[in-house]
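Computed from heavy atoms alone, side chains included, the values below leave out hydrogens, waters and symmetry copies. Count residues from 1 along the sequence.
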Amino acid sequence: MNSGNYVKAATALTFAATLCLVSSCKEEQAKPERPNIVFIMSDDHAYQAISAYSDKLIRTPNIDRLSREGMLFTNASVTNSICAPSRATILTGKHTHIHGKIDNIFPFDTTNVTFPQILHEQGYQTAMFGKLHFGNNPKGFDEFKILPGQGDYYNPQFITDKGDTTIQGYVTDIITDLTLDWLEKRRREEDPFMLFYLHKAPHREWLPAPRHYKEFTKRSFPEPETLFDDYDGRGSAAREAEMNLLKHMTISADNKIYPEVAKDLGIEELSEWGFNVFKSKYDRFTEEQREEWDAVYGPINEEFKALYPNMNDSAFMRWKYQRYMQDYLGCIASVDENVGRVLDYLDENGLSENTIVVYTSDQGFYLGEHGWFDKRFIYDESFKTPLLIRWPEKITPGSETDEMVQNLDFAQTFLEAAGVESPEDMQGESLMPLLEGRAGEWTRDAVYYHYYEYPGFHMVKRHYGIVNKDYKLAHFYYDIDEWELFDRKNDPLELNNVYDDPDYQEVVKDLKRELQELRRKYKDSKELDQHFIQKYEERGLIE
């Protein structure tokens with residue numbers, strides 16, 4: 001081959017190589033970078049206590065950022081309003097009767113496959129810090145530090161993959177410190193990450209940080225319209241539930257009246273539980289923490305000693321409500337501050353643009369509505385949960401949707417966002433069409449709910465139901481057979497059961513048919529209802 005041919009051949013090879021390089025570059029550029037995921041969840045954070053939903057009680061500027069810079073969901077809900085089952089549903093993408101964690105009593109079946117396991121297998125670096133609530137070895141995580149069970153607000157113990165440890169300080173601050181330390185020191189820049197940042201607050205018994213109880217104990221808050229609800233127009237379940245502020249909220253554990261003060265005033269708890277819990281939390285304080293606490297709560301106790309002898313039930317109820325709100329909202333103030341710390345870190349380190357940030361709660365919570373605290377019911381304050389999502393690459397800032405979404409949907413959403421196929425047995429629907437502004441592709445118009453833990457704490461009866469944007473139909477079963485229908489548009493406070501109203505009989509007929517279709521779709525049944533009742537009988541939980 002002469003020199004000219006060599007030159008031509010070399011030129012051709014060089015051109016071909018260049019094409020390959022260009023093609024590779026284009027392919028690499030075209031291949032989307034997998035998003036990071038920061039999943040922030042608090043415990044029992046009522047949507048009413050986030051100012052993006054309502055500013056009547058508290059301002060939450062940092063959590064609100066996710067709404068302003070992302071999407072606010074106004075009809076997000078849970079499948080079962082109780083802590084551990086909700087968390088298991090989030091991890092597995094399955095209803096509680098499928099993954100088996102129906103309540104806070106029976107153990108989680110660890111053979112379940114969770115979406116963090118799948119993401120980890122697909123190259124995501126994974127970490128979990130905070131409250132998981134069940135189990136002590138979460139699968140699919142490179143690193144974890146989790147609270148045992150409910151955990152403690154002050155000087156909490158953590159379960160880690162390297163052994164247990166106790167950390168001095170306030171739990172919300174500590175969980176955030178652990179999270180930021182991982183992001184700063186152990187996050188691998190070459191891999192996408194999935195980070196679970198899980199707060200204990202504002203779970204009962206609502207112990208705020210000193211900086212917040214010093215402020216919030218001086219505040220007063222507006223009472224809900226239904227604080228003195230008499231449950232007229234509802235069925236047995238509402239009347240018989242044990243979560244009334246006056247009757248069932250403990251004076252010591254919940255309202256922070258020292259046991260000796262309560263006993264001197266002749267106030268009896270339903271059991272010694274309230275006194276014992278207060279003592280166990282108080283005993284965790286360091287000497288300095290105890291002095292700070294007593295400097296604020298001591299005068300509250302002295303004032304209560306003067307007020308209580310002249311209180312009637314109405315005045316006592318109002319006093320309990322204010323004490324409840326002061327501590328509950330003081331806990332939320334710390335959550336909001338610390339969420340701000342994490343968002344600031346993401347912004348300052350160039351991570352925000354391609355990071356999905358979710359803020360939610362494991363369920364809603366009653367803040368005095370219907371005279372209640374706690375959750376469990378299909379009624380809105382319990383059933384609905386806050387949900388705010390920011391993802392600058394996909395979500396138009398300031399977006400809002402009222403579509404019927406659930407905690408059931410998180411697993412498939414994260415898997416699709418990561419470009420990973422979801423297992424066929426997951427039961428949710430990816431939120432990606434809503435996040436990307438393709439709302440017309442969203443097909444679900446109703447969600448399914450089922451609560452099981454009865455008899456049990458707070459005595460909320462077993463029930464299942466269907467909820468759409470207009471109506472809510474619930475069936476309370478086991479020791480009663482009662483139905484409730486609420487017109488969500490015309491009766492937003494859910495005060496009037498119209499199940500027997502002649503004007504709603506076509507609605508009842510249609511919703512019952514749709515409810516049965518959902519039961520079949522999600523593989524729930526009368527046989528399973530009875531199966532779980534039988535499990536309670538076998539454990540001696542039902543006599």
**Student:** Are the aromatic rings of Phe144 and Phe158 close, with centres under 6.0 Å apart?
**Tutor:**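 No, the ring centres sit 6.0 Å or more apart.
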**Student:** Is the Trp206-Tyr153 ring centre distance short of 6.0 angstrom?
**Tutor:**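 That pair fails the under 6.0 Å test.
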**Student:** Cut-off 3.5 Å, side chains only: do Thr176 and Asn338 have a donor facing an acceptor?
**Tutor:**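 Yes, side-chain donor-acceptor contact under 3.5 Å.
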**Student:** Report yes or no: is the cationic atom of Arg290 (NZ for Lys, CZ for Arg) under 6.0 Å from the centre of the six-membered ring of Tyr282, at an angle within 45° of the ring normal?
**Tutor:**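 Output yes; distance and angle both within limits.
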**Student:** Under 3.5 Å, is there a donor-acceptor pair between the Thr114 and Thr92 side chains?
**Tutor:** no
**Student:** Report yes or no: is the cationic atom of Lys279 (NZ for Lys, CZ for Arg) under 6.0 Å from the centre of the six-membered ring of Phe275, at an angle within 45° of the ring normal?
**Tutor:**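 That pair does not qualify as a cation-pi contact.
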**Student:** Check the pair Thr286 / Gln168 against side chain to side chain donor-acceptor pair (under 3.5 Å), numbers first and verdict last.
**Tutor:** CA-CA 9 Å; Thr286 64; Gln168 295 292 304; 5.3 Å; no
**Student:** For the pair Thr401 and Thr74, evaluate side-chain contact (heavy atoms from CB on, under 4.5 Å) and give the outcome as yes or no after the intermediate values.
**Tutor:** CA-CA 6 Å; Thr401 180; Thr74 59; over 6 Å; no
**Student:** Would you kindly say whether Thr413 and Asp409 are connected by a side-chain donor-acceptor distance under 3.5 Å?
**Tutor:** no
**Student:** What pair of heavy atoms forms the shortest contact from Thr360 to Thr385, and how long is it?
**Tutor:**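 Distance-wise, the nearest heavy atoms are OG1-OG1, 3.8 Å.
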**Student:** Glu453 and His458: side-chain donor and acceptor closer than 3.5 Å?
**Tutor:**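 Per modelled atom types, Glu453 and His458 side chains form no pair under 3.5 Å.
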**Student:** So, Asp294 versus Tyr258: side-chain donor-acceptor pair below 3.5 Å or not?
**Tutor:**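 The criterion, which ignores hydrogens and geometry beyond distance, is satisfied for Tyr258 and Asp294.
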**Student:** For Lys384 and Gln363, test the side chains for any donor-to-acceptor distance below 3.5 angstrom and give the result as yes or no.
**Tutor:** no
**Student:** What closest approach, in Å, do Ile251 and Glu269 show between heavy atoms, and which atom pair accounts for it?
**Tutor:**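 Ile251 and Glu269 have their closest heavy atoms at N-OE2, 3.0 Å.
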**Student:** Hey, does the side chain of Arg68 reach the backbone of Gly398 with a donor-acceptor pair shorter than 3.5 angstrom?
**Tutor:**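 Judged by distance alone, no pair lies under 3.5 Å.
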**Student:** For the residue pair Val78 and Tyr449, what are the closest heavy atoms and their distance?
**Tutor:** O-CD1, 3.4 Å
**Student:** Has the side chain of Glu484 got a donor or acceptor atom that lies under 3.5 Å from a matching backbone atom of His475?
**Tutor:** no
**Student:** Just by distance, with hydrogens left out, do Gln322 and Glu223 show a side-chain donor and acceptor under 3.5 Å apart?
**Tutor:**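 Result is no, nothing qualifies.
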**Student:** For Tyr452, is there any backbone N or O sitting under 3.5 Å from a side-chain donor or acceptor partner on Asp103?
**Tutor:** no
**Student:** Taking the six-membered ring of Phe278, is NZ or CZ of Lys256 closer than 6.0 Å to its centre and within 45° of its axis?
**Tutor:** no
**Student:** Do the non-hydrogen side-chain atoms of Ser81 and Phe377 ever get within less than 4.5 Å of each other?
**Tutor:**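 No. Closest side-chain heavy atoms not under 4.5 Å.
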**Student:** Measure across Phe221 and Tyr321 and return the closest heavy-atom pair with its distance rounded to 0.1 Å.
**Tutor:** O-CE2, 3.8 Å
**Student:** Centroid separation under 6.0 Å, is that true for the rings of Phe39 and Phe410?
**Tutor:** yes
**Student:** Do the numbers put Arg234 on top of the ring of Phe486, so that NZ or CZ is under 6.0 Å from the six-membered ring centre and no more than 45° off the axis?
**Tutor:**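 Relative to the ring axis of Phe486, which defines the angle, Arg234 lies outside at least one limit.
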**Student:** What do you reckon, are the aromatic ring centroids of His199 and Tyr197 less than 6.0 Å apart?
**Tutor:**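 Yes, the ring centres sit under 6.0 Å apart.
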**Student:** Walk me through whether Tyr477 and His450 qualify under ring-ring contact (aromatic ring centres under 6.0 Å, His included).
**Tutor:** CA-CA 11 Å; Tyr477 66 95; His450 199 150; 5.6 Å; yes
**Student:** Would you say the ring centers of Tyr154 and Tyr170 fall short of 6.0 Å from each other?
**Tutor:** yes
**Student:** Taking all heavy atoms of Ala49 and all of Leu329, pick out the closest pair and write down the distance.
**Tutor:** CB-CD2, 3.9 Å
**Student:** So does Asp109 pair up with Lys101, basic N to acidic O under 4.0 Å?
**Tutor:**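 No, Asp109 and Lys101 are not salt-bridged.
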**Student:** Should the ring pair Tyr328 and His45 be called parallel, tilted or perpendicular, given that the plane angle runs from 0 to 90° and is split at 30 and 60?
**Tutor:**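 Perpendicular: the ring planes of Tyr328 and His45 meet at over 60°.
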**Student:** Would you say the side chains of Asn62 and Asp336 form a donor-acceptor pair under 3.5 Å?
**Tutor:** yes
**Student:** Please round to the nearest 0.5 Å and tell me the distance separating atom CG of Asp487 and atom CG of Asn497.
**Tutor:** 11.5 Å
**Student:** Just by modelled atom types, is the Thr110 backbone N or O under 3.5 Å from a matching donor or acceptor in the Lys139 side chain?
**Tutor:**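 Side chain of Lys139 to backbone of Thr110: a pair is present.
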**Student:** Please enumerate all residues that pass side-chain contact (heavy atoms from CB on, under 4.5 Å) together with Asp230, with sequence neighbours excluded.
**Tutor:**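 side-chain contact (heavy atoms from CB on, under 4.5 Å) list for Asp230, sorted by chain: Asp232.
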**Student:** Any donor-acceptor pair under 3.5 Å linking the side chain of Asp229 with the backbone of Tyr231?
**Tutor:** yes
**Student:** Could you check whether the rings of Tyr522 and His95 sit parallel, tilted or perpendicular, using 30° and 60° as the cut-offs?
**Tutor:**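 Geometry flag for His95 against Tyr522: tilted rings.
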**Student:** Checking side-chain polar atoms at under 3.5 Å, does Tyr359 have a donor or acceptor matched by the opposite partner on Ser42?
**Tutor:** yes
**Student:** For the aromatic rings, using the six-membered ring if either is Trp, is the centroid distance between Phe141 and Phe196 under 6.0 Å?
**Tutor:**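 So the answer is yes for these two rings.
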**Student:** Can you name the side-chain contact (heavy atoms from CB on, under 4.5 Å) partners of Glu69, sequence neighbours left out?
**Tutor:** Arg65, Arg390
**Student:** Would you mind telling me which of Lys94, Gln427, His99 makes a side chain to side chain donor-acceptor pair (under 3.5 Å) with Thr89?
**Tutor:** His99
**Student:** Between Phe216 and Tyr213, is the ring centre distance below 6.0 Å?
**Tutor:** no
**Student:** Check Ile542 against Tyr454 and note the closest heavy-atom contact, atom names and distance.
**Tutor:** CD1-O, 4.5 Å
**Student:** So does Arg488 pair up with Asp380, basic N to acidic O under 4.0 Å?
**Tutor:**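 Answer for the salt bridge query: yes.
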**Student:** Under 3.5 Å, is there a donor-acceptor pair between the side chain of Lys131 and the main chain of Leu147?
**Tutor:** no
**Student:** Could you go step by step and tell me if Ser280 and Arg284 meet the side chain to side chain donor-acceptor pair (under 3.5 Å) rule?
**Tutor:** CA-CA 7 Å; Ser280 70; Arg284 291 192 70 84; over 6 Å; no
**Student:** Check whether Phe365 forms a cation-pi arrangement with Lys375 (NZ or CZ under 6.0 Å from the six-membered ring centre, at most 45° off the ring normal).
**Tutor:** no
**Student:** Is the NZ or CZ atom of Arg376 positioned over Tyr366's six-membered ring, under 6.0 angstrom from the centre and within 45° of the axis?
**Tutor:** no
**Student:** Decide yes or no on side chain to side chain donor-acceptor pair (under 3.5 Å) for Asp524 and Tyr464, but give the supporting numbers first.
**Tutor:** CA-CA 10 Å; Asp524 204 0; Tyr464 58 82; over 6 Å; no
